[in-house]
Amino acid sequence: MLKLSGVTRRYGDAVALDGLDFIVPDDTYVSLLGASGSGKTTLLRLIAGFEEPDAGELMLGGERLDGKPPHRRDIGFVFQNFALFPHLSVEENVAFGLRHRESKAVPAGSDLNDRVNAALDLVGLTGFGHRGVGEISGGQKQRVALARTLVTEPRIVLLDEPLGALDANLRARMCDELRAIRERLKVSFLHVTGSETEALTMGDTVAVLANGRIAQAQDSTSLFTQPANTAAARHLNAWNLIGGRVKGRTLDTAVGALPISQSLPDGSEAQLAVRFDQIGVCEPDQVPAGQDHFTARYLAGEFNGPTELSFFRADNGDLIQVVNHLSNPRLPDLTEGRTYALHFSPDAALLFEGAA
Ligand code: ADP
Ligand code: MG
């Protein structure tokens, strides 16, 4: 298990990581979701030892990691843009780290060749060893980068936005393959990404990085259906957040008073969260019994194939999103510029204490 406790990393006055606690269990695929600039690469660099934290400690399998040089940590790093040596062949790229590492270097010979070939087999590049890295596709480069890391038999593999450079079709295929390769190896992968769909697809555990800390780390279904705070909800790109002040059992918001189920101190700030796919749309005078609602103006729809996203503007200017599944449509025909009631079951709403 990799355990980070109170890890802080500052650059001048900017705090990239702020007392972060995080656990990567053994034999697990962990994805870490964070916006651009949220500190994902910094976190990986600290684990790998390319940087040291200003405070906190890192433990791997009960051993202290911080302070150890990178080559003594047995950690694999797959860099964001593959960072292959362009003048070397595929097999030379994969062999490079093993041949030239500071301890336990493997000299050229049959043992080295066997290990390189086994790594190429593992990533589905059997027979590609002699190719130049300029003669293979983007997806194949990604596999070479992975083979080059796996051949060193790391105790954990860090992947920095590994699918970012691939086109959408290839990305979906590599998702499956990365998971399958990890399952065969039984080492943990820590995969950082800015894409919520990628994070949810890949991770046995999905962690959300926000404000220099882990906002939530959980299995993807729990995270998606029960985000624990506004930071997690916002990163999932599936929840509308409506802010207001508590007044008895209602939240006083700019779109009107909305009932709440919890009892919070009067006057405190809170955010009501309703998922895009749990909002119904109807004429303002036809709200179904038992549903909470507010009104908003329909702006436009965006057709995405199996789903359609509808955008509404609430009275306070907030953008509200509603998703419709084409195979099971819930929404009436909508006219741009008209005002509708957006309604939802009280059970579907989550309430988060605090400001937005
Ligand atoms: P991400 O990988 O999530 O996009 P980074 O870890 O690269 O984010 O960066 C986190 C924050 O730290 C950013 O605000 C970035 O500008 C800053 N940062 C990262 N590396 C350095 C550095 N070497 N010097 C100064 N600031 C840095
Ligand atoms: Mg980065």
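Both backbone and side-chain heavy atoms feed into the values below; hydrogens, waters and symmetry mates do not. Remember, it's 1-based here, ligands and their atoms both numbered in the order they're listed. Not measured: the values here are computed from a predicted model.
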Pocket residues of ligand 1, ordered first by chain and then by residue number (heavy-atom cut-off under 4.0 Å): Y11, A16, A35, S36, G37, S38, G39, K40, T41, T42
E135: side-chain hydrogen bond (donor to acceptor under 3.5 Å, both in side chains) partners, not counting sequence neighbours: none
Under-2.8 Å protein N/O/S neighbours of the Mg ion (ligand 2), ordered by chain then residue number: T41 OG1
Under 3.5 Å: donor-acceptor pair, side chain of N324, backbone of P329: no
Linked, directly or transitively: I136 and L146 (ILVMFWY side chains, under 4.5 Å): yes
Under 3.5 Å donor-acceptor, D252 side chain and A257 backbone: no
Intermediate values then yes/no, side chain to side chain contact (heavy atoms under 4.5 Å, CB included), T28 and T205: CA-CA 8 Å; T28 308; T205 296; 4.2 Å; yes
Side chain D54, main chain R10, donor-acceptor under 3.5 Å: yes
Heavy-atom donor-acceptor pair, R179 side chain to M202 backbone, under 3.5 Å: yes
Partner residues of E177 under the salt bridge (charged side-chain N to carboxylate O under 4.0 Å, His left out) criterion, sequence neighbours left out: R143
Check: N316 side chain, D318 main-chain N or O, donor-acceptor pair, under 3.5 Å: yes
